[in-house]
Amino acid sequence: PADLPSPQEHGLDFQRLLDASAYKEMFRQDMIRWGEEKRRTDPGFFCQAAVEGALQPVWVVSDTRRVSDVEWFRDVYGDVVQTVRVVATEETRKSRNWVFVAGVDDAESECGLDQGVAFDWVITNDGDKVALGKQLEMLLQSLHRSL
């Protein structure tokens, strides 16, 4: 429902909503609708919540979903923002138990950043730990140089 204020108020298990379980899937469309309503009222609602009280020199804000999220961070923090996209082939994703759900996986909440964003970094995570480690090391070195 559009007035869904929090998982706790509706007796939902917050930790189970964070994983890839069938439990989460039962409430996923309602969560998406609630999030869309919040964004219509205030496009920066979730971005502001993510940084509230953060004092560390480097933040990792994971799982942004829309171009408006990226734009908000760039508008507020400028050139210090580094965007990172993690990609994997469809075959890899399926091997990790991902199953496409029409109306969910093709919604903006899932693919809103597939176009229209020039990412600073694109990390490939197809199961090659050495290759992943090298990519992450390059990213970390770059961040250290920026501090």
Inset, instruction - For Q135 and A131, indicate whether the former's side chain and the latter's backbone hold a donor-acceptor pair under 3.5 Å. - result: yes

Inset, instruction - Say whether, by atom type as modelled, one donor and one acceptor occur between the side chain of D126 and the main chain of T92 under 3.5 angstrom. - result: no

Legend entry - Side-chain heavy atoms of V87 within contact of N125, under 4.5 Å: no

Legend entry - Pairs satisfying salt bridge (Lys or Arg N to Asp or Glu O under 4.0 Å), at least one member in residues 130-147, at least two apart: none

Legend entry - Where at least one partner belongs to residues 102-119, residue pairs that pass salt bridge (Lys or Arg N to Asp or Glu O under 4.0 Å), sequence neighbours excluded: R28-D105, R28-E110, R65-E110, R66-E108, R85-D114

Legend entry - Result of checking T83, V51, V80 against F73 for side-chain contact (heavy atoms from CB on, under 4.5 Å): V51

Legend entry - Gap separating the CD atom of E91 from the CH2 atom of W98, nearest 0.5 angstrom: 10.0 Å

Inset, instruction - Working to the nearest 0.5 Å, report the span between CH2 of W72 and CZ of R39. - result: 12.5 Å

Inset, instruction - Assess whether atom CG of D79 is packed by more than 12 heavy atoms of other residues, nucleotides or ligands within 6.0 Å. - result: no

Legend entry - Other residues, nucleotides, ligands: >12 heavy atoms within 6.0 Å of E52 CD: no

Legend entry - Stepwise salt bridge (charged side-chain N to carboxylate O under 4.0 Å, His left out) test for R40 and E37: CA-CA 5 Å; R40 273 191 288 280; E37 180 59 35; 3.2 Å; yes

Legend entry - Ion pair check, E90 and K94, cut-off under 4.0 Å: yes

Legend entry - Aromatic contact, Y77 with W59 (centres under 6.0 Å): yes

